[in-house]
*Asks:* 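Quick one: the structure is below, questions incoming.
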Amino acid sequence: MLQLKMAKQEEKTKNKSFDLVIIGGGPAGLTAGIYAGRARIKTAIIEEMIAGGQSATTEHLENYPGFKNGVGGVELAMMMEEQAKKFGTEVIYDSVVSAKLEGEEKEIHLASSVIKAKSVIIATGATPRRIKAEGSEKFHGKGISYCATCDGALFRDKKIVIVGAGNSAIEEGIFMQRFSDDITFVQDLPYLTAEKILQERIKSYPKTKFYLGAIVKSINGNDKVESVTIKVAKDGSEIDIPADGVFVYIGYSPKTGFFGKELKLNEQGYIPTDENLKTNLDGVYAAGDVRVKDFRQVITAAADGAIAAHSVEKYLENK
Amino acid sequence: MALLSNEDREYLKGLFTGMKRDVNIMLFTTEEKNFCSFCNDIKEILEELKSLSDKIKTHEYSFEKDKSIADEYSVKRGPALVLKADKDLGIKYYGIPAGYEFSSLVEDIVDIGNDTISVDESLVEKVKSIDVPVHLQVFVTHTCPYCPPAVRTAHKFAMLNENIKADMIDSNTFYEYANSYGVQGVPRVVINEKHHFEGALPEEEYLKQILNAIM
């Protein structure tokens, strides 16, 4: 069915000061916005692109409770956004340049203005981790993609290599079947890491090939990608796989680059929190994929959002 | 079947309220059936938009039969949408502005209708000072959330300077055409045929790419 999507910018906000600013409009930020709005906390969500974050590039979510036939990543995010706005939360479409998070009054520097907040929830999420192999810089955006929903249609009937075999990799591999049945997975671990139901489904496509326990050594070609060379761990042998496109799903990097040293991060850049999702700074909380945790899902992000908003409510009450 | 929910329709009505000049949307259909498989959907979108504001006017042409008008607006293929105020602003959509690109279309309409320039103030003069022809082709897919900003920036630059022409091109509809430019990731912005960059760059970087290309 024909879909029309739009980022709905409310009347240019006159408010430059909020009780709570949520950075990031993915499932964590939007859920925090719903809870904070209902707690009558004056709240703004800052989103640089469109509601949904990474979930907006997920074609179809099958494991979010309540939708037995699944729900589109974007559709779910847009419903969450409407819900947050309904309870009075503002959504500002702008990008965050830097933030001053110490002290009673926090400052969020946007591309076009500065807004002040008594508390902050960081829900900036994570971006796909870039592949590091010979040729990976050269072919970035020219055959190497991190978004099958964006670029998949450009590879009709082409030879596809998908790096990774976790949930995202397999889901996108299933999505890509509508464009091509020549799909090869390469995964460093010697087994698939996706949910069993996804494993069953991808194996139902008979032409799909798997190289497990192998790493990508180089991505080769002149003007465009022609092949991927992999190295098999167990015997050190190298195999050349013909490929027109390489889709990469090898994990994520947190979006915490624009925060200063005052915010404590772990070695990978994720934000450690306590069980109430407080960071090392008073009045600053983290929710969703950006924080240190084991299981990054839409539902765990949403749960984080609820908890963080609840913690903010208590923090503001005690001030 | 209505394309927009009542909520969305009310939102758009509000957004279009107070527009001070007419926004003319010219649709060029084509007899090439492969390309026009979405033409009825485009018409439906335009009908919806027209019903939301009396400032939005739509006009339908045939790329083949109304050749002289197509030429006048430098329309190279169909289906195409040309957005203009009284005069041509150099803003086009090749293919259907659906999915995420509906956002671009709506924002373009608001800018044209209000006669506002939403380019960052510090860049306006630099964009206006470009005195050679610049053709921006922004290749997108409808399922790419990163693409509308790339389209919008191109269209905003075109609104500012009549030397700049900016097209959105749906890589799905115009697959072969996209292929001929070697498009393998979207958004890809092609500048004057020869130069290109990938990704939705911020306005300032975007402008730098254009300035480098015309040096």
Side-chain angles (χ1 to χ4, degrees), chain A residues 1-12 47-59 72-74 77-79 82 85-86 93 95 97 111-112 127 139-158 175 179 221 223-225 244-247, chain B residues 1 3-5 7-8 11-12 14-15 38 40-42 44-45 48-49 96-107 110 118 120-122 139-149 152 170-173 175-176 178-179 182-188 196-200 202-204:
Chain A
M1 195 195 107
L2 186 65
Q3 289 189 331
L4 305 178
K5 296 165 189 159
M6 52 185 164
K8 292 185 194 168
Q9 174 81 64
E10 295 305 308
E11 290 290 307
K12 284 276 183 219
E47 167 56 40
E48 63 178 347
M49 204 170 65
I50 192 161
Q54 275 180 65
S55 70
T57 59
T58 306
E59 228 258 322
V74 185
M78 286 182 139
M79 287 190 274
E82 292 293 322
K85 284 179 179 170
K86 187 174 121 187
Y93 288 96
S95 43
V97 179
S112 55
T127 50
F139 292 115
H140 182 75
K142 300 176 180 70
I144 301 176
S145 173
Y146 297 85
C147 179
T149 27
C150 303
D151 301 330
L154 303 167
F155 294 90
R156 278 184 213 163
D157 301 322
K158 298 281 172 70
F175 169 77
F179 303 115
D223 297 334
K224 50 186 189 174
V225 172
D244 302 298
V246 183
F247 287 80
Chain B
M1 188 186 58
L3 290 171
L4 293 166
S5 66
E7 255 176 12
D8 287 350
Y11 168 78
L12 287 172
L15 203 63
F38 286 113
N40 283 331
D41 294 316
I42 301 178
E44 247 184 276
I45 293 174
E48 284 266 16
L49 288 170
I96 181 171
Y100 287 109
E101 291 310 323
F102 184 62
S103 247
S104 304
L105 180 63
V106 166
E107 289 171 27
V110 171
S118 44
D120 191 86
E121 269 172 47
S122 64
F139 289 89
V140 304
T141 61
H142 295 150
T143 42
C144 160
Y146 311 97
C147 289
R152 279 285 291 151
D170 168 25
S171 312
N172 247 321
T173 302
Y175 185 72
E176 294 304 324
N179 245 331
V183 177
Q184 295 202 308
V186 288
R188 171 182 287 211
H196 67 82
F197 65 88
E198 270 91 23
E203 286 176 0
E204 194 174 355

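No hydrogens, no waters, no symmetry mates; every other heavy atom, side chains included, goes into these values. Proteins get letters first, then strands, A, B, ... in listed order; numbering begins at 1 in each.
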*Asks:* So what's closer than 4.5 Å to chain A heavy atoms on B:Y146: side chain, backbone, both or neither?
*Replies:*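 Contact with chain A involves both backbone and side-chain atoms of B:Y146.
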
*Asks:* Specify which of A:K142, A:K224, A:K158, A:R156 makes the most heavy-atom pairs with chain B at under 4.5 Å.
*Replies:*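 Among A:K142, A:K224, A:K158, A:R156, the one with the most close pairs to chain B is A:R156.
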
*Asks:* Please name the pair of heavy atoms, one in A:L154 and one in B:S171, separated by the smallest distance, quoted to 0.1 Å.
*Replies:* CD2-CB, 3.4 Å

*Asks:* Taking CZ in B:F38 as the centre, count heavy atoms belonging to other residues, nucleotides or ligands within less than 6.0 Å. Is the count above 12?
*Replies:*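 Open: at most 12 neighbouring heavy atoms sit under 6.0 Å from CZ of B:F38.
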
*Asks:* Measuring heavy-atom distances to chain B, does A:D223 have an atom under 4.5 Å in its side chain, in its backbone, in both, or in neither?
*Replies:*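 Neither part.
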
*Asks:* Give the member of A:C147, A:G245, A:G152, A:G143 that has the highest number of heavy-atom pairs under 4.5 Å with chain B.
*Replies:* A:G143

*Asks:* Can you give me the closest heavy-atom contact between B:Y175 and A:F155, atom names plus distance?
*Replies:*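 Minimum heavy-atom separation between B:Y175 and A:F155: OH-C, 4.0 Å.
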
*Asks:* If you measure from CE on A:M78 to OG on B:S5, what distance do you get to the nearest 0.5 Å?
*Replies:* 10.0 Å

*Asks:* Under 4.5 Å between any side-chain heavy atoms of A:V74 and B:Y100, yes or no?
*Replies:*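 Yes, side chains in contact.
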
*Asks:* Relative to chain A, which segment of B:N179 carries a heavy atom at a distance below 4.5 Å: side chain, backbone, both, or neither?
*Replies:*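 For B:N179, the side chain is the part near chain A, not the backbone.
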
*Asks:* So which of A:D151, A:I144, A:L4 has the largest heavy-atom pair count under 4.5 angstrom toward chain B?
*Replies:*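 Looking at each of A:D151, A:I144, A:L4 in turn, A:L4 comes out on top.
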
*Asks:* If I measure from the heavy atoms of chain A, does B:P145 come under 4.5 Å with its side chain, its backbone, both, or neither?
*Replies:*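 Looking at B:P145, backbone and side chain both touch chain A.
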
*Asks:* B:L4 versus chain A, heavy atoms under 4.5 Å apart: side chain, backbone, both or neither?
*Replies:*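 For B:L4, side-chain heavy atoms alone lie under 4.5 Å from chain A.
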
*Asks:* Can you say whether B:E198 sits under 4.5 Å from chain A via the side chain, the backbone, both, or neither, judging by heavy atoms?
*Replies:*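 Contact with chain A involves the side chain of B:E198 alone.
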
*Asks:* Could you report the tightest heavy-atom contact between A:A153 and B:N172, atom names first, then the distance?
*Replies:* CB-OD1, 3.5 Å

*Asks:* Counting distance only, does the side-chain N/O of A:T149 pair as donor-acceptor with the main-chain N or O of B:T143 below 3.5 Å?
*Replies:*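 No; zero donor-acceptor contacts below 3.5 Å.
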
*Asks:* Measuring from atom OH of B:Y11 to atom NZ of A:K85, what distance do you get when rounded to the nearest 0.5 angstrom?
*Replies:*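 Taking OH in B:Y11 and NZ in A:K85, the distance rounds to 6.0 Å.
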
*Asks:* Can you say whether A:F139 sits under 4.5 Å from chain B via the side chain, the backbone, both, or neither, judging by heavy atoms?
*Replies:*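 It is neither, since no heavy atom gets under 4.5 Å.
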
